[in-house]
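Comments concern the structure below.
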Number of protein chains: 4
Amino acid sequence: MARPRSEDKRNAILDAATKVFAEQGTSAPTARIARQAGVAEGTLFTYFESKDVLLNELYLTVKAGLREAMLVDYPQKGSLRERAQHAWNGYVNWGVVHPEGRKVMAQLTVSTGITDEVKATGSAPFGGVQDMLREAMTKGVLREMAPAFVGALMSAMAEATITFIEREPKRAEAYRAAGFEAFWNAIGKS
Amino acid sequence: MARPRSEDKRNAILDAATKVFAEQGTSAPTARIARQAGVAEGTLFTYFESKDVLLNELYLTVKAGLREAMLVDYPQKGSLRERAQHAWNGYVNWGVVHPEGRKVMAQLTVSTGITDEVKATGSAPFGGVQDMLREAMTKGVLREMAPAFVGALMSAMAEATITFIEREPKRAEAYRAAGFEAFWNAIGKS
Amino acid sequence: MARPRSEDKRNAILDAATKVFAEQGTSAPTARIARQAGVAEGTLFTYFESKDVLLNELYLTVKAGLREAMLVDYPQKGSLRERAQHAWNGYVNWGVVHPEGRKVMAQLTVSTGITDEVKATGSAPFGGVQDMLREAMTKGVLREMAPAFVGALMSAMAEATITFIEREPKRAEAYRAAGFEAFWNAIGKS
Amino acid sequence: MARPRSEDKRNAILDAATKVFAEQGTSAPTARIARQAGVAEGTLFTYFESKDVLLNELYLTVKAGLREAMLVDYPQKGSLRERAQHAWNGYVNWGVVHPEGRKVMAQLTVSTGITDEVKATGSAPFGGVQDMLREAMTKGVLREMAPAFVGALMSAMAEATITFIEREPKRAEAYRAAGFEAFWNAIGKS
DNA sequence: AATGAATGAGAATTCATTCAT
DNA sequence: AATGAATGAATTCTCATTCAT
């Protein structure tokens, strides 16, 4: 099994899973995902050995999308603030553009089917962002804490920000900016 | 006459549900909860009409616990910082002491079974905390945002903090304090 | 168990059972009957050892009501036609007045819980009616058939008649009369 | 592609349902029907969405069988008596040959799960029989009654007749003939 | 590879009956 | 005797996964 022929079909299934799991939680039936993807029930299992495998691959796929959003045009040479803001904006914008991606992540994050390994891979910082976060740690109130802590705060604050943008889409820019200032202040870089 | 419905048994079921749902997600079987609670499968349904009702009541119960933790000894007359810190500490300490409560909340928050009404009731700010948050909004970068935004940031940052305390329990105090400073900075009150 | 104290309560349960079984079939829960009767769930079982016992006693009770309706003022000395018509009218009128009784009978008749003995007791002809039916058998097309056959035809025709009276209550008398003529013709006594 | 849904299997389930419901009433478990049909419990639900759907389709199927029995070789051009007798014999013979079909019908008729629409469809007169019954209504004692009344009387009398044939199978012919004479007399066509 | 029917192990409830009060 | 909570077997239906086509 799991001998995918068509990359399109695989993506259709991942997209369908995003939508369906976002709306109904990860206990949604695989049959519904197959239907949404326009493939037969059984076909899903030639692309993903089991529902758990689908869950895990979906997790990685969505996380990869988020990463990419943060890294595109990343100002590797910019100031700390520029790099932080780029990452922040990347996160927030991604969240606004991909509400379903965000919802699945919420579902997958609490799902028991995601392996620790996948979770670790998915939440490890990455690329220039990792360096940026590390730099942000130095000095300030967080200087003694675990390195990943700033990253966690940033994600948490960005998530809260996105939630409010979803409620007041017209003030998206204001929230994104205010949220960033809050984050920037939080890490003591004001 | 007849055996009265037992508050103890109801609580036993809620406790069992907390544990089981925390560990296995809300799709865990009611039978497992019943067993964990030491009652018959059917008994669960004399206390909670359906699994969904149990889910909703559990949500409210856990939220109530968190609220209470934040309000005990609340310094109504203290400075903004004192009140904010009290609420923060209440939140973080509750989370550290009730890891399972925190996990169920995570599960219930993304559960499709929780009604909007219950969600609203559960997340409404409360008591002096509401005033404190409102006061914290004035001035600072968040002054123009929706009033609940600070509350959301506080919860998000507290959650992140608790997560790191769970990883490094020995440095609980340090994380709690650093987290609060970050929050205090975030809202621009330094 | 089954040590009834109050005849009233017993009757209340039988009445409730008539109503509930008529509406929902014999698989209706005993709890519903108890509620309808205004007694506790458990109380039902002090009056009737089990649901099956209740079913059987209800069968006999309803049948007894029908018998009584046919026998009241029975013209023992009247002509065959007079007696037949009296029985016919008694049956039809009873059915019209007791639609629920008729519906439970329909349910109980096909119920697997009614013992053969009870069924036999319930459907045995009775009193003067038995003689009337026997007399009706002599001569005519049915003369060679089993004695109970006329009785069965009469019941069947009366049931059909009642059904149509329920649809057109205003023409009750017409149906009752026409039905009887049909029956009288059927047994070749015209 | 894929295994096509099998008409055989569908029929096996309907046959099994006929047998099981006839013996144990419509509250018999679907699992028993599946076992009797030689399919898995779940398979029943790929052929019938729910137990109620099965009940309704079974009703229609059995009724269709009865209809067909009455219509085969129907003497459209025959005299009223010939046509009536053909329908009568068709009914009675069907009942004798399909005792289980008759029992399920009895069960289904009082079942709460059969929709009014299906009941209507099932009991509507049909083909030449409809005309025959209408013709039988003219003149005679029933001339003023609802058109369906003769049909109801015929069914009722045929059912009674079948019941007695089941008790005395050896005199089947005698009962069938005597029953028809009674019916013919009943509608005043002697 | 694709399809969707077949499978049977659950899952949430229901309910007759028992039993503590 | 009356009450209604407690029980757990039984029931309908779902669903991941397999497999014939």
Side-chain angles (χ1 to χ4, degrees), chain A residues 1-6 9 27-35 38-55 113, chain B residues 1-6 9-10 27-35 38-54 113, chain C residues 1-6 9 27-35 38-55 113, chain D residues 1-6 9-10 27-35 38-54 113:
Chain A
M1 294 142 227
R3 273 168 293 172
R5 182 44 65 94
S6 146
K9 218 161 266 188
S27 58
T30 53
R32 201 185 301 260
I33 291 165
R35 188 176 340 130
V39 303
E41 290 183 42
T43 300
L44 186 149
F45 292 92
T46 89
Y47 287 85
F48 303 93
E49 248 177 288
S50 70
K51 190 180 185 179
D52 265 7
V53 168
L54 168 60
L55 249 23
Chain B
M1 299 149 225
R3 213 172 324 187
R5 225 174 271 194
S6 144
K9 214 158 273 186
R10 194 188 131 93
S27 57
T30 54
R32 201 185 300 262
I33 292 166
R35 188 175 339 128
V39 302
E41 290 185 35
T43 300
L44 187 150
F45 293 92
T46 87
Y47 287 86
F48 303 92
E49 246 178 297
S50 69
K51 190 180 185 180
D52 264 8
V53 168
L54 170 59
Chain C
M1 295 143 226
R3 271 169 292 171
R5 187 34 76 89
S6 145
K9 219 160 265 185
S27 58
T30 53
R32 202 185 300 259
I33 291 166
R35 188 177 339 128
V39 303
E41 290 183 42
T43 300
L44 187 151
F45 292 91
T46 88
Y47 287 86
F48 303 92
E49 252 177 285
S50 71
K51 192 180 183 180
D52 265 6
V53 168
L54 169 60
L55 248 26
Chain D
M1 299 147 223
R3 210 173 326 187
R5 223 173 272 193
S6 143
K9 216 160 272 186
R10 194 188 131 94
S27 58
T30 53
R32 200 185 301 260
I33 292 166
R35 189 176 338 129
V39 302
E41 291 185 35
T43 299
L44 186 150
F45 293 94
T46 89
Y47 287 86
F48 303 92
E49 246 180 297
S50 68
K51 189 181 183 179
D52 264 8
V53 168
L54 169 59

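Naming convention: chains lettered A, B, ... in sequence-line order (proteins, then strands); numbering from 1 in each chain.
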- Query: Do R5(B) side-chain atoms and T46(B) backbone N/O form a donor-acceptor pair below 3.5 Å?
  - Reply: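 Present.
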- Item | Sidechain-backbone polar pair: Y47(B) side chain, S6(B) backbone, donor-acceptor under 3.5 Å |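 Yes, because the side chain of Y47(B) sits within donor-acceptor range (under 3.5 Å) of the backbone of S6(B).
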Taking every non-hydrogen atom, the tightest pair across [X] and [Y]:
{"X": "R10(D)", "Y": "F48(D)", "value": "NH1-CE2, 3.5 Å"}
{"X": "A28(A)", "Y": "K51(A)", "value": "O-NZ, 2.8 Å"}
{"X": "A40(A)", "Y": "A34(A)", "value": "O-CB, 3.7 Å"}
{"X": "T30(D)", "Y": "L44(D)", "value": "O-CD1, 3.6 Å"}

Look at the side chain of [X] and decide which nucleotide, out of [options], has an atom nearest to it.
{"X": "R3(D)", "options": "dC13(F), dG4(E), dA16(E)", "value": "dG4(E)"}
{"X": "F45(D)", "options": "dA2(E), dA6(F), dT12(F)", "value": "dT12(F)"}
{"X": "K51(A)", "options": "dA11(E), dT17(F), dG4(F)", "value": "dT17(F)"}
{"X": "P29(A)", "options": "dT3(E), dT7(F), dA16(F)", "value": "dA16(F)"}
{"X": "E41(C)", "options": "dA2(F), dA5(F), dT3(E)", "value": "dA5(F)"}

Atom-to-atom span, [atom1] of [X] to [atom2] of [N] - whole angstrom:
{"X": "R35(C)", "N": "dT14(E)", "atom1": "CZ", "atom2": "P", "value": "12 Å"}
{"X": "D52(B)", "N": "dT13(E)", "atom1": "CG", "atom2": "C1'", "value": "13 Å"}
{"X": "L54(C)", "N": "dC15(E)", "atom1": "CG", "atom2": "P", "value": "15 Å"}
{"X": "R10(B)", "N": "dA6(F)", "atom1": "CZ", "atom2": "C1'", "value": "17 Å"}
{"X": "E49(B)", "N": "dA5(F)", "atom1": "CD", "atom2": "P", "value": "13 Å"}
{"X": "F48(B)", "N": "dA12(E)", "atom1": "CZ", "atom2": "C1'", "value": "16 Å"}

- Message: Quick check: on DNA chain F, is the nucleotide nearest A40(B) upstream (toward 5') of the one nearest L44(C), or the reverse? Name the residue that is more 5'.
- Response: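 The 5'-side residue here is L44(C).
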- Query: Taking for each residue the nucleotide of DNA chain F bearing the nearest heavy atom, is the 5' side occupied by R32(D) or by T30(A)?
  - Reply: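 Taking each residue's closest nucleotide, the earlier one in sequence belongs to R32(D).
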Would you please confirm or rule out a distance under 4.0 Å between OP1 or OP2 of [N] and any side-chain N or O of [X]?
{"X": "T46(B)", "N": "dA6(F)", "result": "yes"}
{"X": "K9(C)", "N": "dA2(F)", "result": "yes"}
{"X": "Y47(D)", "N": "dA6(E)", "result": "yes"}

- Please give the nucleotide sitting opposite dA1(E) as a Watson-Crick or G-U wobble pair, both distances under 3.5 Å, or none.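 Pairing partner: none.
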- Query: Taking any strand in view, what nucleotide pairs with dC15(E) in a Watson-Crick or G-U wobble way, both distances under 3.5 Å?
  - Reply: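 In the structure as shown, dC15(E) has dG8(F) as its Watson-Crick or wobble partner.
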- Query: So what does S50(B) touch, heavy atoms closer than 4.0 Å: a base, only the sugar-phosphate, or nothing?
  - Reply: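 The residue S50(B) makes sugar-phosphate contact but no base contact.
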- Task: Under 4.0 Å between any heavy atoms, over every strand shown, what does A34(B) touch: base, sugar-phosphate, or nothing? Just pick one.
- Result: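 Result for A34(B) = nothing.
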- Query: Relative to the 5' end of DNA chain E, which residue comes earlier, S27(B) or A31(C), by the nucleotide with the nearest heavy atom?
  - Reply: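 Final value for this comparison: S27(B).
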